[in-house]
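Just so you know, ligand 1 is whichever comes first in the structure, and atom 1 is the first atom listed for that ligand.
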Amino acid sequence: MKIDILTIFPHMFDNIFNESIIKRAIDSNKVEINIVDFREFSNDPHKKVDDTPYGGGAGMVLAPGPIFDCVEKLRTPESKVILLTPDGEQYKQKMAYKYSKEKHLILICGHYEGFDDRIRTLADAEISIGDYVLTGGEIPAMVLVDSIIRLIPGVINEQSHIEDSFNDNYLLDYPTYTKPREYRGMKVPEVLLSGDHAKIAAWRQEQSIKKTKERRPDLLQ
Ligand code: ADE
């Protein structure tokens, strides 16, 4: 998979993909990530990419020109263009699964007080990572990239994401423990020490349902 991230703050991405699972996925050519500074596509002598809003109002608005030119240069018939914006569709695990099967993603990070509305016509999808407003689409783009890459076949052990919270069964994860058996008076549940795999599976399922009922009853609907 190839992922192009369009931003005017390329340095925000300097280290984020250089660690752990994402780094391994890049090193083994399962994914290629390009950080594209769309300021380079500005025709302005000062590489300006924004302007004042028509009709008045505070702040500056990202102009359509540089983003259109940049997307049109990168896009192929196989590309999916995603615009990160707080008024987009709320991001969910099932969307991460869907995008993990794509060949090419182009992520557009909005910034400043907003972007020219015509930029939306470039996008196949508009996505929000939650009901809060960030300073730009860079952190949301990182969230998408991380959640998508781990689902590309061979990036992590498949069993570990089949058991993830928020998969199709919409249950939160069950509690897990490691050594020591007792820590500060807190004991690992006996059933996990029993070696009885059927019993352990049943306990985990029960714990998942219990936790989901308590914390996220909305997921059980
Ligand atoms: N840009 C600013 N806030 C955002 C959010 N919550 N999701 C996606 N893009 C954003």
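- More than 12 non-hydrogen atoms from other residues, nucleotides or ligands lie less than 6.0 angstrom from CD of Q90.
- The protein heavy-atom contact nearest to atom 7 (N) of ligand 1 is I129 N, 3.0 Å.
- Atom 9 (N) of ligand 1 has its closest protein heavy atom at T85 N, 3.2 Å.
- Summary of contacts: the protein heavy atom closest to atom 6 (N) of ligand 1 is Y132 O, 2.8 Å.
- At a heavy-atom cutoff of 4.0 Å, ligand 1 is contacted by no atom of D131, backbone or side chain.
- Inspection of the D44 and S42 side chains reveals no N or O donor paired with an N or O acceptor under 3.5 Å.
- D117 has a carboxylate O that lies under 4.0 Å from a charged side-chain N of R120, or vice versa, which qualifies the two as a salt bridge.
- Contacts between T135 and ligand 1, counted as non-hydrogen atom pairs separated by less than 4.0 Å, are absent for every part of the residue.
- L134 N, 3.0 Å is the protein heavy atom nearest to atom 3 (N) of ligand 1.
- Contacts between P86 and ligand 1, counted as non-hydrogen atom pairs separated by less than 4.0 Å, involve both the backbone and the side chain.
- Geometrically, ligand 1 and I127 share no nitrogen or oxygen pair separated by less than 3.5 Å.
- Counting only residues at least two apart or on different chains, the salt bridge (Lys or Arg N to Asp or Glu O under 4.0 Å) pairs with a member in residues 208-221 are K210-E214, R216-D218.
- Residues K47 and D37 are not paired through a salt bridge, judged by the lack of any N-O separation under 4.0 Å between the basic side chain and the carboxylate.
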